[in-house]
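No experiment lies behind these values; they were computed from the predicted model shown. All residue numbers in this chain count up from 1 along the given sequence.
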Amino acid sequence: MPQVFKASEFAMRAVFDDDYLFKIPAYQRPYAWTTENADELLKDLLKSLREAPEDPYFLGNIILIKHEDAPDSDVVDGQQRLTTLTMLLCVLRELSSSEEYTREIDAFIWQSGNKLKGTQDEYRLSLRERDRDFFRTHVQSGGGIQALLELDRAGRPDTQMRVIENVEHMQTELGSLSEQVREDLTQFVLHQCFLVLVTAKDRDSAYRIFTVMNTRGLDLSPTDILKAEAIGDLEERLQSEYAAKWEELEEELGREKFRELFAHIRMIYGKDKLRVTLQEGFREHVLSEESGPAFIDDVLVPYAKLYELIEDAAFVSTENAEAINRYLSFLGFLDNFDWIPPTMEFFRLHSGSSVDLLRFVKRLDRLAYGLFIRRADTYERIDRYGKLLAEIADGEPAGQEFSAFDFSDTEKAEIRERLAGDIYLVTRARLPLLLRLDGLLADAGASYDHKIITVEHVLPQQPPAESEWLQDFPDEEVREFWTHKLANLVLLARRKNSAASNWDFKRKKHEYFVRGGVSPFALTTQVLGEDEWTPKVLQTRQDELLAKLADLWVLN
């Protein structure tokens with residue numbers, strides 16, 4: 001049978017080498033990594049360099065269409081990483097004060113032609129045609145980055161803005177380090193960082209591989225590998241019994257959440273960010289302590305039940321169950337799930353005391369939302385929750401006086417400042433925050449199971465000429481100040497209507513903010529009680545909302 005694909009692990013120095021010329025096909029989506037994505041990668045690399053410079057660092061899988069006898073490699077999956085790693089090398093090159101070191105880094109960015117080898121001068125990574133010249137001129141070419149940072153950014157395409165922002169961020173972060181640390185980082189990236197290159201001979205094969213890796217195969221296969229390791233050596237009767245238990249859990253949770261469960265369990269045991277593959281981390285931290293039937297009976301099954309309970313906010317008790325589940329629901333609004341492992345572990349250890357559980361989720365609500373509002377990155381969140389897990393494991397008293405819950409005065413000030421800012425412009429934060437605020441204002445029976453929930457401005461973003469809005473807000477500066485503030489935002493249980501958004505206040509609140517005469521959201525109902533919408537009303541409302549949040553999360 002002919003070989004359909006080949007998968008091999010390479011250090012970065014062998015990836016950016018003459019055997020590969022990576023090209024991003026035109027049909028691929030544009031480069032889209034944000035500074036948060038790039039920063040997470042950079043911080044992870046620097047942390048690994050500090051703590052384990054001799055250990056390998058796994059960067060993930062890259063899927064290619066490539067024939068063995070030619071270096072040309074169409075990238076089917078992995079362009080975000082390849083592009084960001086190229087930018088990292090380019091920034092390191094530009095910051096180097098050594099001409100020799102600059103030339104050496106440059107060799108990994110572009111291929112120097114060699115007549116005897118039959119090669120030409122060519123960049124090792126070529127973006128999509130529409131982005132290629134920009135990237136070559138302003139990033140890959142020597143000296144291009146300085147010109148990139150001086151470009152006028154108005155009206156630039158999203159791809160170019162992502163490149164500019166990420167290069168600028170890396171330039172700032174790496175520029176604050178010593179020359180020696182930057183050189184050490186370069187060595188680490190090239191020699192200790194590894195990619196698995198999965199190559200196929202045609203597009204159909206490559207996309208079959210891509211589909212498998214991203215739905216049911218290699219990307220989720222750590223659980224399949226761990227299953228074989230956990231029960232593979234058992235006698236046939238026990239293999240069947242424990243395979244059935246395993247598959248029942250997987251079916252009940254769904255394959256994606258089942259994989260997430262393994263990540264959460266590894267976090268509980270490892271208490272830090274995963275820096276290797278999931279199966280390697282799981283093997284090191286979990287299976288080294290519990291294996292075979294004991295792992296399935298004493299670890300996997302109990303944690304699966306806890307995960308499902310927490311995800312569904314379905315805690316059952318004669319006391320405090322409603323309040324506990326309400327806090328779990330609020331935590332479920334967040335855009336990350338890093339809070340789940342410590343919650344699972346605390347519930348495992350204290351399931352018999354609903355009083356302790358309620359105290360815990362209340363304080364966790366404060367911690368999780370504080371990190372969320374500050375837009376703490378993955379590294380900071382994992383570090384804080386790892387500390388919390390360590391304190392839970394140390395057997396702290398049931399009062400939950402965990403230091404990981406504490407905010408410094410500086411952190412509290414930053415949270416207050418961000419809450420008082422233009423919340424609407426923080427795209428990923430605005431809806432979860434407004435839902436949490438609405439939950440604070442509403443009674444315990446409020447439901448958020450609507451199919452669609454959107455955030456709407458009361459004062460429109462662009463009020464039409466000669467509208468009453470311009471009479472109530474004649475000062476453009478004042479109008480712009482209030483437009484995106486917390487006080488000017490409400491929730492709707494349907495999609496936005498751009499025409500209705502600009503209606504005058506009285507018509508808007510009666511015809512747009514309610515359906516069937518009742519709004520399901522306390523935030524919106526409060527607005528319905530106002531006779532006018534002016535800067536004075538907004539100031540009063542802003543002060544009241546911020547005071548409630550500050551009191552809830554003890555921010556003063």
Could you please spell out the steps behind the side-chain hydrogen bond (donor to acceptor under 3.5 Å, both in side chains) verdict for Asp158 and Tyr31?
-> CA-CA 8 Å; Asp158 285 345; Tyr31 178 74; over 6 Å; no
Mind running side chain to side chain contact (heavy atoms under 4.5 Å, CB included) on Leu389 and Tyr269 for me, showing each step along the way? CA-CA 9 Å; Leu389 277 164; Tyr269 278 76; over 6 Å; no
Ring pair (Phe, Tyr, Trp, His ring centres under 6.0 Å) for Phe262 and Phe258? Distances and angles first, verdict last. CA-CA 7 Å; Phe262 276 74; Phe258 192 62; 5.1 Å; yes
(request) Apply ring pair (Phe, Tyr, Trp, His ring centres under 6.0 Å) to Phe521 and His450, showing your working. (result) CA-CA 11 Å; Phe521 302 111; His450 312 285; 5.3 Å; yes
Exercise for the section: Report the C-alpha distance between Leu306 and Thr343 in whole Å, list the side-chain angles of each, state the deciding distance to 0.1 Å, and finish with yes or no for side chain to side chain contact (heavy atoms under 4.5 Å, CB included). Expected result: CA-CA 9 Å; Leu306 285 169; Thr343 309; over 6 Å; no
Is there a ring pair (Phe, Tyr, Trp, His ring centres under 6.0 Å) between Trp553 and Phe405? Walk through the geometry before answering. CA-CA 11 Å; Trp553 291 324; Phe405 280 137; over 10 Å; no
task = Starting from the C-alpha separation in whole Å, work towards a yes-or-no answer on salt bridge (charged side-chain N to carboxylate O under 4.0 Å, His left out) for Lys305 and Glu252.
result = CA-CA 10 Å; Lys305 292 179 180 178; Glu252 187 172 342; over 6 Å; no
Working note: Phe295 + Phe282, criterion ring pair (Phe, Tyr, Trp, His ring centres under 6.0 Å); need CA distance, chi angles, decisive distance, verdict. CA-CA 12 Å; Phe295 163 68; Phe282 205 89; 5.6 Å; yes
Exercise. When you look at Ile63 and Leu197, which way does the side chain to side chain contact (heavy atoms under 4.5 Å, CB included) test go after all the steps?
Worked result: CA-CA 6 Å; Ile63 306 176; Leu197 301 185; over 6 Å; no
Test salt bridge (charged side-chain N to carboxylate O under 4.0 Å, His left out) applied to Arg259 and Glu256, step by step
CA-CA 5 Å; Arg259 185 191 185 283; Glu256 183 178 349; over 6 Å; no
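The two residues Ile24 and Gln79 come nearest to each other via the heavy atoms CD1-CB, 3.3 Å. Residues Ser48 and Tyr57 come closest through the heavy atom pair OG-CD1, 3.3 Å. Of all heavy-atom pairs spanning Glu391 and Ala404, the tightest one is OE1-N, 3.0 Å. Of all non-hydrogen atoms in His264 and Phe337, the two that sit nearest each other are CE1-O, 3.7 Å. Between Ala11 and Phe194 the shortest heavy-atom distance is N-CD2, 3.5 Å. Residue Asp438 comes nearest to Leu523 through the heavy atom pair OD1-N, 2.8 Å, listed as atom of the first residue, atom of the second, then distance.
Note: Tyr448 and Phe333 meet the aromatic proximity criterion, with ring centroids under 6.0 Å apart. Taking the six-membered ring wherever Trp is involved, the centroid distance between the rings of Phe360 and His350 does not fall below 6.0 Å.
For the pairing with His169, the side chain to side chain donor-acceptor pair (under 3.5 Å) check across Asp39, Thr34, Thr35 returns one residue only, Asp39. A salt bridge (charged side-chain N to carboxylate O under 4.0 Å, His left out) with Glu40 is found for exactly one of Arg381, Lys47, Lys273, namely Lys273.
Between Glu322 and Arg326 no salt bridge is recorded (no basic side-chain N to carboxylate O distance below 4.0 Å). With salt bridges taken as basic N to acidic carboxylate O contacts below 4.0 Å, none links Arg182 and Glu173. Under a 4.0 Å N-O distance rule, the pair Arg266/Asp272 qualifies as a salt bridge. In this structure, Lys43 does not pair ionically with Glu380, as no charged nitrogen and carboxylate oxygen lie closer than 4.0 Å. The residues Asp406 and Arg363 are annotated as salt-bridged, a charged nitrogen and a carboxylate oxygen being separated by less than 4.0 angstrom. Salt bridge status for Arg359 with Asp356: present, with a side-chain N to carboxylate O gap under 4.0 Å. We find that Arg348 and Glu345 are joined by a salt bridge, their nearest charged nitrogen and carboxylate oxygen being less than 4.0 Å apart. Looking at Lys66 and Asp74, no side-chain N of the basic residue comes within less than 4.0 Å of a carboxylate O on the acidic one, giving no salt bridge.
Interatomic distance, Asn320 CG to Ser354 OG, rounded to the nearest 0.5 Å: 4.0 Å. Note that CG of Asp377 is 10.5 Å distant from CG of Leu42, once rounded to the nearest 0.5 Å. Here the CZ atom belonging to Phe402 is positioned 6.0 Å from the CG atom belonging to Leu388, to the nearest 0.5 angstrom. To the nearest 0.5 angstrom, Phe347 atom CZ is 6.5 Å from Leu309 atom CG. Atoms OH and CD1, on Tyr303 and Ile310 in that order, are 10.5 Å from each other to the nearest 0.5 Å. Atom CG of Leu185 and atom SG of Cys193 lie 8.0 Å apart (nearest 0.5 Å).
In this structure a side-chain-to-backbone donor-acceptor pair under 3.5 Å is missing from Glu251 to Glu248. Judged purely by atom type and a 3.5 angstrom limit, Arg416 uses its side chain to pair as donor or acceptor with the backbone of Leu555. A distance-only check finds no donor-acceptor pair linking the side chain of Gln192 to the backbone of Gln187 [under 3.5 Å]. Remark: the backbone N or O of Tyr327 is not paired with any side-chain donor or acceptor of Asp365 at under 3.5 angstrom. For the pair Asp551 (side chain) and Ala547 (backbone), a donor-acceptor distance under 3.5 Å is absent. In terms of modelled atom types and a separation under 3.5 Å, the side chain of Asn336 and the main chain of Asp338 share a donor-acceptor contact. Judged by distance alone, with hydrogens and angles left aside, the side-chain atoms of Tyr307 form no donor-acceptor pair with the main-chain N or O of Ile340 at under 3.5 Å. Between the Arg124 side chain and the Asp17 main chain, a donor and an acceptor come within less than 3.5 Å of each other.
Figure legend: cation-pi geometry between Arg430 and Tyr424, with NZ or CZ positioned under 6.0 Å from the six-membered ring centre and within 45° of its axis.
For the pair Tyr385 and Lys271, the minimum side-chain heavy-atom distance is 4.5 Å or more. With a 4.5 Å cut-off on side-chain heavy atoms, Ile62 and Asp77 do not count as touching. Considering only heavy atoms from C-beta on, Leu549 stays 4.5 Å or farther from Ile415 through its side chain. Using a 4.5 Å cut-off on side-chain heavy atoms (C-beta onward), Ile453 and Leu492 make no contact. Residues Trp33 and Arg81 meet the side-chain proximity criterion, which asks for heavy atoms closer than 4.5 Å. No side-chain heavy atom of Leu49 sits less than 4.5 Å from a side-chain heavy atom of Leu45. Using a 4.5 Å heavy-atom cutoff, the side chains of Lys548 and Leu441 are in contact. Using a 4.5 Å cut-off on side-chain heavy atoms (C-beta onward), Phe315 and Asp312 make no contact.
Few gaps surround NZ on Lys412; more than 12 heavy atoms of other groups in view lie less than 6.0 Å from it.
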